[in-house]
*Asks:* 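Have a look at this one before I ask anything.
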Amino acid sequence: MTKTMRCYCINHYNEPLVEMKMALPKPKAEEVLIKVQAAGVCHSDLHIWEGGYDLGGGEFLSLKARGATLPHTLGHETAGVVVSMGPNATGVEVGESYLVYPWIGCGNCSTCISGNENLCTSGRPLGVLEPGGYAEYMLVPKPKYLLALNGLDPAIAAPFACSGLTTYSALKKLGNDIATHFTVIVGAGGLGLMCVSILRAMGGKGAIVVDIDKKKRDAALAAGAHAAIDGNADNVAELLIQAAEGAPRSVIDFVGSPETTKLGFNILVKGGKLVVVGLYGGSVSLPIALIPVRGVSIIGNLVGNLEELTELMELVHSGKVPFIPITKQALSEANDVLTRLKEGRVIGRTILIPE
Ligand SMILES: [Zn+2]
Ligand SMILES: [Zn+2]
């Protein structure tokens, strides 16, 4: 009799996740099978649930066009314990817990060879195009994508694979400016809060957070933000510049809506950088001449590479990264958690734990 495992899957886009029984995968070659201990619920799971991203102007970036098939198991923030591995897998131990690097590329193109598998155009990220961690077990293609937890709680570790990595990679794109100037962080959801913490751990001067939700602003202040500004204020740009003690050099936009991108662009000092992370969507019109005249950079950030996740986990293990608030819920409540996230009713991060 074939062994089975429970998964929570998208059977039809935009419809509730369904519990399914799938055959337990048998690891071949370098593959490693983990028993899931923690699966973080990420905002981008909502986009995958919807089948893609709104690009504005009626354009939609479809995951189906990128080779997504249904049913699909969500979950790209996964930590688990190794239970078995293929004959060629080395470097990991059965019974040890690991964090999974999910942003896996083809491994052969120049982008992958340069170490940026997360930017591979024919990548097969786990939980996005390949089965992810909303399941009892998950297959990882190679041991190199597993980072030892060394005793760290899997539920604490899981969000570092996406929200942690994304914020770390976004902060690295700002170079030394984070140490000498305040960094403006737009949006204090899961990513924004994580960014406040990681910025501190990296020796950043401080975070000026902007959000329309008072609860989220309070959470940002509790996480150590230098100031938190109401995004609904009439003079929000002025308030941000005041709090940052001058037009900011660095803005990270974790919302990515037309309003926030425009706000970030408008407040930058000459030579400043706007890193866009959020996938809210839509489109924005910017005065092109101001890009060269003000010498500003608009940089997109899509998660991060394996080296960055390795660096980040070293920072985490050094004890410098304060943990963001997490809520543990049973894996069987995956659908409920996604629904609440969609309604904007989640503070911090929810982690699904297989019961
Ligand atoms: Zn994510
Ligand atoms: Zn590639």
Side-chain angles (χ1 to χ4, degrees), residues 34 36-50 53 63 72-80 98-105 116-120 123-135 138 140 145-147 149 152-173 185 187-198 252-256 275-280 300-313 315-316 321 323-328 334 337-338 341-342 346 348-353:
I34 61 161
V36 175
Q37 291 174 298
V41 178
C42 174
H43 198 270
S44 62
D45 285 333
L46 292 178
H47 296 289
I48 303 167
W49 194 20
E50 289 159 358
Y53 302 92
L63 282 166
H72 171 67
T73 308
L74 286 169
H76 53 265
E77 295 185 348
T78 317
Y98 297 86
L99 176 65
V100 180
Y101 176 83
W103 313 110
I104 296 173
N116 293 311
E117 289 191 55
N118 54 310
L119 300 177
C120 176
R124 300 291 303 175
L126 307 179
V128 181
L129 295 178
E130 294 292 328
Y134 286 22
M138 180 178 162
V140 179
Y145 301 120
L146 292 167
L147 286 82
L149 290 189
L152 189 67
D153 178 350
I156 293 284
F160 289 114
C162 177
S163 56
L165 176 60
T166 301
T167 54
Y168 181 76
S169 184
L171 284 163
K172 280 208 83 171
K173 289 183 170 63
I185 295 173
L191 270 92
L193 283 186
M194 180 80 90
C195 191
V196 171
S197 296
I198 295 176
I252 305 181
D253 182 359
F254 285 111
V255 180
V275 181
V276 182
V277 177
L279 292 164
Y280 182 91
N301 189 85
L302 181 69
V303 294
N305 63 32
L306 181 56
E307 191 184 341
E308 286 167 332
L309 186 59
T310 307
E311 287 172 14
L312 171 61
M313 292 316 285
L315 204 60
V316 170
V321 183
F323 303 140
I324 59 153
I326 57 161
T327 310
K328 296 183 189 181
V337 174
L338 271 186
L341 187 65
K342 189 167 188 166
V346 174
R349 213 69 181 168
T350 303
I351 313 295
L352 300 171
I353 311 285

*Asks:* Please find the pair of heavy atoms, one from G105 and one from C120, that lie closest to each other, and give the distance.
*Replies:*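 The pair with the smallest heavy-atom distance is CA-CB, 3.7 Å.
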*Asks:* If I compare all heavy atoms of C162 with all of E77, which pair ends up nearest, and what's the gap?
*Replies:* CB-OE2, 3.2 Å
*Asks:* Treating H72 as the side-chain partner and G127 as the backbone partner, does any N or O pair qualify as donor plus acceptor under 3.5 Å?
*Replies:* yes
*Asks:* Got a sec, which residues hit side-chain hydrogen bond (donor to acceptor under 3.5 Å, both in side chains) with N301, two or more places apart in sequence or on another chain?
*Replies:*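 Once residues adjacent in sequence are excluded, the partners of N301 under the side-chain hydrogen bond (donor to acceptor under 3.5 Å, both in side chains) criterion are S169, K173.
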*Asks:* List the residues meeting salt bridge (charged side-chain N to carboxylate O under 4.0 Å, His left out) with E130, not counting sequence neighbours, and say none if there are none.
*Replies:*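 Here the qualifying residues are R124.
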*Asks:* Can you confirm whether L341 sits close enough to D45 that some side-chain heavy atom of one is under 4.5 Å from a side-chain heavy atom of the other?
*Replies:* no
*Asks:* Using the side-chain hydrogen bond (donor to acceptor under 3.5 Å, both in side chains) criterion, which residues pair with D253? Sequence neighbours excluded.
*Replies:* T260, T261
*Asks:* Give, for atom SG of C42 and atom CG of L74, the distance between the pair rounded to the nearest 0.5 Å.
*Replies:* 10.0 Å
*Asks:* What are the two closest heavy atoms between V275 and A170, and how far apart are they?
*Replies:*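 That closest heavy-atom pairing would be CG1-CB, 4.0 Å.
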*Asks:* Only counting residues at least two apart or in another chain, list the ones meeting side chain to side chain contact (heavy atoms under 4.5 Å, CB included) with A39.
*Replies:* V36, Y134, L352
*Asks:* Quick one: does L165's side chain get under 4.5 Å of Y101's, heavy atoms only?
*Replies:* yes
*Asks:* Please examine the side chains of R349 and M194, heavy atoms only from C-beta on, and report whether any two atoms are closer than 4.5 Å.
*Replies:* no
*Asks:* Is there a side-chain contact between L306 and L147 in this structure, where contact means two heavy atoms from C-beta onward sitting under 4.5 Å apart?
*Replies:* yes
*Asks:* Quick one: which residue pairs count as a side chain to side chain donor-acceptor pair (under 3.5 Å) with a foot in residues 158-167, not counting sequence neighbours?
*Replies:* none
*Asks:* Heavy atoms only: give me the nearest A79-I34 pair and the separation to one decimal.
*Replies:*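 Between these two residues, the closest heavy atoms are C-CD1, 4.5 Å.
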*Asks:* Considering all heavy atoms of both residues, which atom of L129 and which atom of G123 are nearest to each other, and what is their separation?
*Replies:* CD1-O, 3.5 Å
*Asks:* With sequence neighbours excluded, what pairs up with I353 under the side chain to side chain contact (heavy atoms under 4.5 Å, CB included) test?
*Replies:*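 Partners of I353 under the side chain to side chain contact (heavy atoms under 4.5 Å, CB included) test: A38, A155, K328, I351.
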*Asks:* Rounded to the nearest 0.5 Å, how far apart are CD1 of I48 and CG of L63?
*Replies:*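 Those atoms lie 6.5 Å apart.
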*Asks:* If the condition is side-chain hydrogen bond (donor to acceptor under 3.5 Å, both in side chains), which residues does Y280 pass it with, not counting sequence neighbours?
*Replies:* none
*Asks:* Using 0.5 Å steps for rounding, measure from the CG atom of L46 to the CG atom of L279.
*Replies:*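 Nearest 0.5 Å value for the CG-CG distance: 11.0 Å.
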*Asks:* What pairs with H76 under ring-ring contact (aromatic ring centres under 6.0 Å, His included), at least two apart in sequence or on another chain?
*Replies:*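 For H76 the ring-ring contact (aromatic ring centres under 6.0 Å, His included) partners, ignoring immediate neighbours, are W103.
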*Asks:* Flag the pair L149 / P154 as yes when at least one side-chain heavy-atom distance between them is below 4.5 Å, and no otherwise.
*Replies:*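 Side-chain contact under 4.5 Å: yes.
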*Asks:* What are the two closest non-hydrogen atoms of A135 and T73, and how far apart are they?
*Replies:* CB-CG2, 4.0 Å
*Asks:* Test of understanding: with side-chain hydrogen bond (donor to acceptor under 3.5 Å, both in side chains), list the residues that count as partners of Y168, not counting sequence neighbours.
*Replies:*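 So Y168 forms a side-chain hydrogen bond (donor to acceptor under 3.5 Å, both in side chains) with E311.
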*Asks:* Who pairs with I156 by side chain to side chain contact (heavy atoms under 4.5 Å, CB included), at least two apart in sequence or on another chain?
*Replies:* L152, D153, F160, F323, I326
*Asks:* Among all residues two or more places apart in sequence or in another chain, which pass the ring-ring contact (aromatic ring centres under 6.0 Å, His included) test with H47?
*Replies:* H43, Y53
*Asks:* Is there a side-chain contact between T78 and L126, using heavy atoms and a 4.5 Å cut-off?
*Replies:*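 T78 does not reach L126 side chain to side chain.
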